[in-house]
Trainee: 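My structure is below; once you've seen it, I'll send some questions.
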Amino acid sequence: MCYFYILFSKSLNEYYVGHSCEILQERLRKHLSDHKGFTSKAKDWMIVYSESFDSKNKAYKKEGKQNHGKAVSKFKN
């Protein structure tokens, strides 16, 4: 099982759109760990949306379609 997901950081007031074939809680743990990259800027990321797919390619395509702010606009106040 693979996933398309959206994370939100309250401290940054930012969303992050991604995909993974890992268990989502494990993927979130990696986003919260010490690493380089966009999500390293905050330690308060939470999953606000996820959708499962039967292939990595389908999850990746969903991310690509939503990565330009379309997916997160419905979450913004």
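Along the sequence shown, residues are numbered consecutively beginning with 1.
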Trainee: Check the surroundings of atom CZ in Phe53: do more than 12 heavy atoms from other residues, nucleotides or ligands lie under 6.0 Å from it?
Mentor: yes
Trainee: Is the closest side-chain heavy-atom distance between Glu22 and Lys30 below 4.5 Å?
Mentor: yes
Trainee: Just list the side-chain donor-acceptor pairs under 3.5 Å for residues 1-10, sequence neighbours left out, or say none.
Mentor:
{"residue": "Tyr5", "atom": "OH", "partner": "Arg27", "partner atom": "NE", "Å": "3.4"}
{"residue": "Tyr5", "atom": "OH", "partner": "His31", "partner atom": "NE2", "Å": "2.7"}
{"residue": "Ser9", "atom": "OG", "partner": "Ser11", "partner atom": "OG", "Å": "3.2"}
{"residue": "Ser9", "atom": "OG", "partner": "Leu12", "partner atom": "N", "Å": "3.2"}
{"residue": "Ser9", "atom": "OG", "partner": "Asp44", "partner atom": "OD1", "Å": "2.6"}

Trainee: Which heavy atom in Val17 sits nearest to a heavy atom in Glu63, and how many Å separate them?
Mentor: O-OE2, 3.5 Å
Trainee: Are Phe38 and Glu14 side-chain neighbours, meaning at least one heavy-atom pair lies under 4.5 Å?
Mentor: yes
Trainee: State, to 0.1 Å, how close Ala59 and His19 come at their nearest heavy-atom pair, and which atoms those are.
Mentor: O-CB, 3.8 Å
Trainee: Tell me if the NZ atom of Lys43 is crowded by more than 12 foreign heavy atoms within 6.0 Å.
Mentor: yes
Trainee: I want to check something: taking the side chain as every heavy atom from C-beta on, are Leu32 and Met46 in contact at a cut-off of under 4.5 Å?
Mentor: no
Trainee: Side chains of Gln25 and Leu28, heavy atoms from C-beta outward: is any pair under 4.5 Å?
Mentor: yes
